[in-house]
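Just below is one structure, and these are the notes that go with it.
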Amino acid sequence: MLKRLFPYAQKHRKYLMLACACVILETVFELVIPTLMADIIDIGVANSDKGYILWKGAQMIICALLALILGIMYARFAATAGQGFGAELRKDEFERVQNFSFANTDHFSTSSLITRLTSDVTILQTAISNGIRPLVRAPVMLLMALFFTFTINPELTMVFVVVTPILACGLFVIVRKVGPLYRLMQASIDQINTVVQENLNAIRVVKSYVREGYEEEKFKKMNIALRDNSEHAFRTSVWNMPLFQYVMYTTIICILFFGGQMIFEGVMKVGELTGFLSYVMQILNSLMMISAVFLMLTRSIASCERIIEVLDEVPDIHDPQNKDLIVNSGDITFHHVYFKYKTTAKEYVLSNIDMHIPAGSTIGILGGTGSAKTSLVQLIPRLYDVSEGEVLIDGHNVKEYSIEHLRDSVGMVLQKNVLFSGTIRENLLWGNEHATDEDIDWACHVASVDEFIHQFPKGYETDLGQGGVNVSGGQKQRVAAARCLISDPDIILADEPTGALDTKAARLLMEKLSEINQKEEHTILMVTHDPNAASFCSRILFIQDGVIFHELRRNIFEETREDFYSRILQVMAQLGGGSANVL
């Protein structure tokens with residue numbers, strides 16, 4: 001599983017190799033110190049040779065200093081490799097999310113994607129930064145220390161043959177139980193993020209309904225669940241320490257007992273036993289480091305699986321990258337289109353949609369809530385792909401256009417108006433980053449932004465705050481409409497463009513949209529349930545339960561907008577719809 005993420009460390013392979021080299025050399029110098037200490041006791045002290053003691057002591061100091069320097073160098077190289085790995089992984093994961101279609105995004109909650117991009121990546125990043133040292137150091141120390149102990153006394157080394165299997169079995173049981181618990185802990189973090197995100201996004205609603213207590217209780221439940229899952233995971237993993245301490249002290253007692261017997265028998269010297277015990281401690285420490293690495297890898301695997309789920313998610317909308325095919329006029333055709341959000345769904349959201357919208361038309365799509373109006377227009381820029389049939393623009397299937405060009409040619413005013421942190425100008429330039437001041441002024445005039453922009457002392461440089469909290473819902477909707485117009489698209493999809501506007505502002509916006517389309521330079525599809533707004537269109541498609549069941553056309557030479565509005569109301573009355581006042 002972890003092998004899948006190795007390519008993200010390739011750019012920082014040099015630092016990884018340098019870090020490993022530093023650890024190996026550091027370990028070698030540390031392992032030499034017990035041998036020097038044994039020589040001081042058995043030769044220097046035994047012979048009262050001060051010169052020998054000072055010489056060996058100087059060697060020990062040099063080895064310790066070199067080990068310290070190498071340890072510092074390791075920390076720097078490992079941090080560089082770990083941070084670089086995390087940056088590459090987050091970058092690729094974020095790019096993959098950007099390429100998701102709406103259907104792909106529906107497979108993950110927003111909070112889960114945030115956790116997978118932050119917490120899960122941080123766990124892997126930390127595993128590299130902090131894991132290289134024990135991962136490299138432990139095996140080297142274990143093998144070299146075993147070699148030295150075997151050199152000192154092969155019989156006494158056999159103690160490890162007994163204790164090692166006990167240690168291995170205990171570690172196996174702990175790792176096996178703790179793995180699923182770490183994944184459950186990360187899922188609990190997802191739930192915490194969901195509660196926090198919903199609360200902050202809807203903080204005004206929470207306060208207006210005085211539901212702070214309810215939100216606090218909901219957060220408390222999620223927080224307790226995270227605490228319990230974390231405690232269970234760490235309570236299981238913490239058994240690793242007492243297990244090793246038990247084995248460590250049992251090993252030391254056995255070695256002291258058998259080693260003491262050998263000293264009394266004259267088979268072993270005191271200095272040899274002292275050096276042997278130093279190597280035993282290093283062997284046990286290396287085994288403890290190996291167990292810590294296993295626990296770290298167990299947690300890393302849980303995060304790795306969650307990240308790979310995102311990386312392995314195959315976008316169901318494929319980009320043909322056809323640079324030669326471009327939208328010229330905006331002629332739209334739906335040819336026997338069927339659509340459902342999930343392939344496993346029993347019923348279609350849209351059924352047998354068969355219609356032609358000539359370039360330059362202004363079409364209203366009218367229907368009640370849940371009638372699939374929005375679903376219909378989302379098929380044009382390929383936010384979703386059709387389940388059956390095809391959608392054509394200028395006679396070509398939308399799947400033949402490059403996604404970038406297709407969506408550049410289709411401007412959208414979404415039902416939920418989304419503005420980003422930054423100034424009004426910065427949000428408008430989302431439509432066209434190369435727009436001039438004249439382009440901005442024109443788009444703001446058509447969308448009636450110029451009616452309120454001068455109320456702000458800083459004008460276009462006014463900071464909107466996060467999500468546009470510094471402007472009203474109607475102002476936000478008009479800025480969103482101007483952002484769409486400034487891109488000068490061939491096709492404009494307006495989803496409830498007057499939903500947040502008052503009667504006067506809605507009428508003014510619709511009149512201006514009608515004016516700019518008199519030259520038939522844009523194909524406009526307006527999704528609405530409001531007959532007032534629909535009456536500004538030249539043609540109305542009535543949709544109900546995913547089926548187009550009626551169509552009205554206005555004769556602009558013989559019929560006024562008010563007369564057309566009356567006809568729309570008649571059709572709605574037959575369907576059980578209500579009436580409304582003319583704008």
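When each of I492, I486, L485 is paired with P489, the side chain to side chain contact (heavy atoms under 4.5 Å, CB included) condition holds for I492 and for no other. Residue Q83 is tested with Q125, H12, E88 for a side-chain hydrogen bond (donor to acceptor under 3.5 Å, both in side chains); the sole match is Q125.
At a cut-off of 3.5 Å, with distance as the only test, a side-chain donor of Y460 or D441 sits close to an acceptor on the other residue. Defined by atom type and a distance below 3.5 Å, a donor-acceptor pair is present between the side-chain atoms of D439 and T436. Side-chain N/O atoms of R561 and S535 include a donor and acceptor closer than 3.5 Å. Neither side chain, R76 nor T80, offers a donor N or O lying under 3.5 Å from an acceptor on the other. At a cut-off of 3.5 Å, with distance as the only test, a side-chain donor of D495 or T374 sits close to an acceptor on the other residue. Side-chain contact of N432 with S487: a donor-acceptor pair under 3.5 Å is absent, judged by distance alone.
Shown here is F420, whose CZ atom has more than 12 heavy atoms of other residues, nucleotides or ligands within 6.0 Å. Residue Q98 places its CD atom among more than 12 non-hydrogen atoms of other residues, nucleotides or ligands, all under 6.0 Å distant. The local environment of CH2 in W442 is crowded, with over 12 non-hydrogen atoms from other residues, nucleotides or ligands closer than 6.0 Å. Heavy atoms from other residues, nucleotides or ligands lying under 6.0 Å from NE2 of H445 number 12 at most. Around the CZ atom of F334, the shell of radius 6.0 Å holds more than 12 heavy atoms that belong to other residues, nucleotides or ligands.
Residues Y384 and Y341 place their aromatic rings such that the two centres sit under 6.0 Å apart.
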Walk me through it: do M185 and E231 pass the test side-chain contact (heavy atoms from CB on, under 4.5 Å)? CA-CA 9 Å; M185 190 173 73; E231 284 181 354; over 6 Å; no
For the pair L124 and F85, evaluate side-chain contact (heavy atoms from CB on, under 4.5 Å) and give the outcome as yes or no after the intermediate values. CA-CA 9 Å; L124 293 176; F85 167 84; 3.8 Å; yes
Kindly indicate, with the supporting measurements, whether the criterion side-chain contact (heavy atoms from CB on, under 4.5 Å) is fulfilled by M355 and V337. CA-CA 9 Å; M355 64 178 181; V337 167; over 6 Å; no
Worked check of side chain to side chain donor-acceptor pair (under 3.5 Å) between T560 and D563: CA-CA 5 Å; T560 63; D563 293 336; 3.1 Å; yes
Full working for side chain to side chain donor-acceptor pair (under 3.5 Å) between T115 and N193: CA-CA 8 Å; T115 305; N193 285 341; 2.6 Å; yes
Would I353 and F339 count as a side-chain contact (heavy atoms from CB on, under 4.5 Å) if you check the C-alpha gap in whole Å, the side-chain angles of each, and the deciding distance to 0.1 Å? CA-CA 9 Å; I353 304 297; F339 172 71; over 6 Å; no
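Of all heavy-atom pairs between S129 and G82, the closest is OG-CA, 3.5 Å. When every heavy atom of K373 is checked against every heavy atom of L366, the shortest pair comes out as CD-C, 3.9 Å. For A81 against I128, the heavy-atom pair with the smallest separation is C-CG2, 4.4 Å. When all heavy atoms of P358 and D331 are compared, the closest pair comes out as CA-OD2, 3.5 Å. Closest approach of C444 and L428 over heavy atoms only: SG-CD1, 3.7 Å. Nearest heavy atoms, A372 versus I543: O-CD1, 4.0 Å.
The closest side-chain heavy-atom distance from M412 to R483 is not below 4.5 Å. The shortest distance between side-chain heavy atoms of L89 and L311 falls below 4.5 Å. Contact annotation: the side chain of R116 never approaches that of Q186 to less than 4.5 Å [non-hydrogen atoms, C-beta and beyond]. No side-chain heavy atom of E426 sits less than 4.5 Å from a side-chain heavy atom of L464. Considering only heavy atoms from C-beta on, I524 stays 4.5 Å or farther from F536 through its side chain. Put simply, the side chain of I332 does not reach to within 4.5 Å of the side chain of L392, judged on heavy atoms. In this structure the side chain of E216 never reaches within 4.5 angstrom of the side chain of K220, judged on heavy atoms. Annotation: side chain of L552 is not in contact with side chain of R539 (no heavy-atom distance under 4.5 Å).
The main-chain N or O of I403 is found under 3.5 Å from a side-chain atom of D319 such that the two form a donor-acceptor pair. Panel note: side chain D490, backbone S329; no donor-acceptor pair is recorded below 3.5 Å. Judged by distance alone, with hydrogens and angles left aside, the side-chain atoms of Q477 form a donor-acceptor pair with the main-chain N or O of E496 at under 3.5 Å. A donor-acceptor pair under 3.5 Å is absent between the side-chain atoms of R507 and the main chain of N532, judged by distance alone. With hydrogens and angles disregarded, no donor-acceptor distance shorter than 3.5 Å links the side chain of N199 to the backbone of V195. Looking only at distances, a side-chain donor or acceptor of R96 sits under 3.5 Å from a matching main-chain atom of E313. Not a single donor-acceptor pair under 3.5 Å links the side chain of S361 to the backbone N or O of I363. In this structure, the side chain of S303 does not engage the main chain of I123 through any donor-acceptor pair within 3.5 Å. Without hydrogens or angle criteria, S566 side chain to E562 main chain gives a donor-acceptor distance under 3.5 Å. Side-chain atoms of D394 come within 3.5 Å of backbone atoms of N328 as a donor-acceptor pair (strictly under, hydrogens ignored).
Taken from OG in S409 to CD1 in I393, the straight-line distance is 7.5 Å, to the nearest 0.5 Å. Atom-to-atom distance recorded for I357:CD1 and T523:OG1 is 8.0 Å, nearest 0.5 angstrom. Here the CZ atom belonging to R407 is positioned 5.5 Å from the CG atom belonging to L383, to the nearest 0.5 angstrom. Rounding to the nearest 0.5 Å gives a distance of 7.5 Å between CG of L379 and OG of S375. In this structure, CG in L113 is found 10.5 Å from CZ in F94, a value given to the nearest 0.5 Å. Note that SG of C484 is 8.0 Å distant from CG of L493, once rounded to the nearest 0.5 Å.
A salt bridge links R306 with D190; the closest basic N to acidic carboxylate O contact falls under 4.0 Å. Of the charged side-chain nitrogens involved, none lies within less than 4.0 Å of a carboxylate oxygen, so that E390 and K399 do not count as a salt-bridged pair. Using a 4.0 Å cut-off between a side-chain N of Lys or Arg and a carboxylate O of Asp or Glu, R90 and E93 do not qualify as a salt bridge. With respect to E217 and K221, no salt bridge is recorded, no charged nitrogen being found less than 4.0 Å from a carboxylate O.
Note: F100 and F108 have parallel aromatic rings, judged against thresholds of 30 and 60 degrees for the angle between ring planes.
Taking E461 as the reference, R425 meet the salt bridge (charged side-chain N to carboxylate O under 4.0 Å, His left out) condition, with sequence neighbours excluded.
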